[in-house]
Amino acid sequence: MTGQKERMLAGELYRADDPELQASLRRAAELQRRFNDGGDPAVLRELLGSVGEGTEVRPPLYVDYGSHVTIGPRAFLNYGAVLLDVAPITIGADAQIGPGVQLLTPTHPLDARLRRDKWEAAEPITLHDNVWLGGGVIVCPGVTIGENTVVGAGSVVTRDLPPDVVAVGNPARVVKKL
């Protein structure tokens, strides 16, 4: 039988109460606390999967595992970013992430019985190079945002956005080509 971590990373239904996953959550919580207390880039590199050269992340930062987050070079994440990395989160080079942005990979079954039994899943999020997310943007599971795209403050991104556009609203809609 496949382990819960393997099921989780494959996007299948899994149980988060698995002891291996719980240990990973505790490790991430401790590293997150240390980073948020002092903003030490060395702790950030230990917490996240990878952090590109010249990237700045302002605490507080909130993650599930941290190890499933990849941030490209010269990216900027402002205060209060929430990166729920049950599935991989990829943030490209030169991305600009406003305060209070949420990148949410977890999903839950529509079947109430499965939810009661604590099954969940996740879908990856990808932000290509030079994406700018305004303050308070929420990006939903499985979304990819194309290169150079700008998403207006407070928008909720529920589906993929192409490169070189401006999108705003809830749900986010393309309002301008760049």
Tell me the closest heavy-atom pair linking Leu104 and Pro106, and the distance in Å. C-CD, 3.4 Å
Is any side-chain heavy atom of Asn78 less than 4.5 Å from a side-chain heavy atom of Ile97? no
Heavy-atom closest pair (His128 atom, Gly146 atom, distance to 0.1 Å) is CB-C, 3.8 Å
Which atom names give the shortest non-hydrogen contact between Gly39 and Pro59, and what distance separates them? CA-CG, 3.9 Å
pair Val86-Met8: side-chain heavy atoms closer than 4.5 Å: yes
If you round to the nearest 0.5 Å, how far is OG of Ser67 from CZ of Arg27? 6.5 Å
Heavy-atom side-chain proximity of Leu77 to Ile91 below 4.5 angstrom: yes
Take Asp37 and Val43, measure what side chain to side chain contact (heavy atoms under 4.5 Å, CB included) needs, and give me the verdict at the end. CA-CA 10 Å; Asp37 284 350; Val43 175; over 6 Å; no
Spell out, as yes or no, whether a donor-acceptor pair under 3.5 Å connects the side chain of Gln102 to the backbone of Val82. no
Within-4.5 Å side-chain heavy-atom neighbours: Leu9 and His68: yes
Throw together a table of side-chain donor-acceptor distances under 3.5 angstrom for residues 131-140, partners on residues two or more places apart or in other chains.
none

Apply side-chain hydrogen bond (donor to acceptor under 3.5 Å, both in side chains) to Asn130 and Asp94, showing your working. CA-CA 5 Å; Asn130 207 36; Asp94 301 297; over 6 Å; no
Over all heavy atoms of both residues, which pair between Ser155 and Ala172 is shortest? Give the atoms and the distance, please. CB-CB, 4.2 Å
Measure across Ala28 and Val63 and return the closest heavy-atom pair with its distance rounded to 0.1 Å. CB-CG2, 4.5 Å
Side chains of Leu127 and Leu103 in contact at under 4.5 Å (non-hydrogen atoms): yes
So do Val156 and Pro171 actually touch side chain to side chain, heavy atoms under 4.5 Å? no
Looking only at heavy atoms, which two atoms of Asp17 and Arg15 are closest? And how far apart? OD2-NH2, 2.7 Å
Full working for side chain to side chain contact (heavy atoms under 4.5 Å, CB included) between Tyr65 and Leu25: CA-CA 5 Å; Tyr65 298 95; Leu25 287 167; 3.6 Å; yes
Before giving the answer on side chain to side chain contact (heavy atoms under 4.5 Å, CB included), spell out for Thr158 and Val143 the whole-Å C-alpha distance, their side-chain angles and the decisive distance to 0.1 Å. CA-CA 7 Å; Thr158 60; Val143 166; 5.8 Å; no
Check this for me, if you would: do Arg58 and Glu56 make a salt bridge, where the nitrogen-to-carboxylate-oxygen distance has to be below 4.0 angstrom? yes
Please examine the side chains of Arg7 and Leu13, heavy atoms only from C-beta on, and report whether any two atoms are closer than 4.5 Å. yes
Taking everything shown except Leu110 itself, do over 12 heavy atoms lie less than 6.0 Å from its CG? no
Please tell me if the side chains of Asp40 and Arg34 come closer than 4.5 Å, counting only heavy atoms from C-beta onward. no
Could you tell me whether the side chain of Asp129 and the main chain of Ala93 form a donor-acceptor pair under 3.5 Å? yes
Spell out, as yes or no, whether a donor-acceptor pair under 3.5 Å connects the side chain of Asp85 to the backbone of Gly66. yes
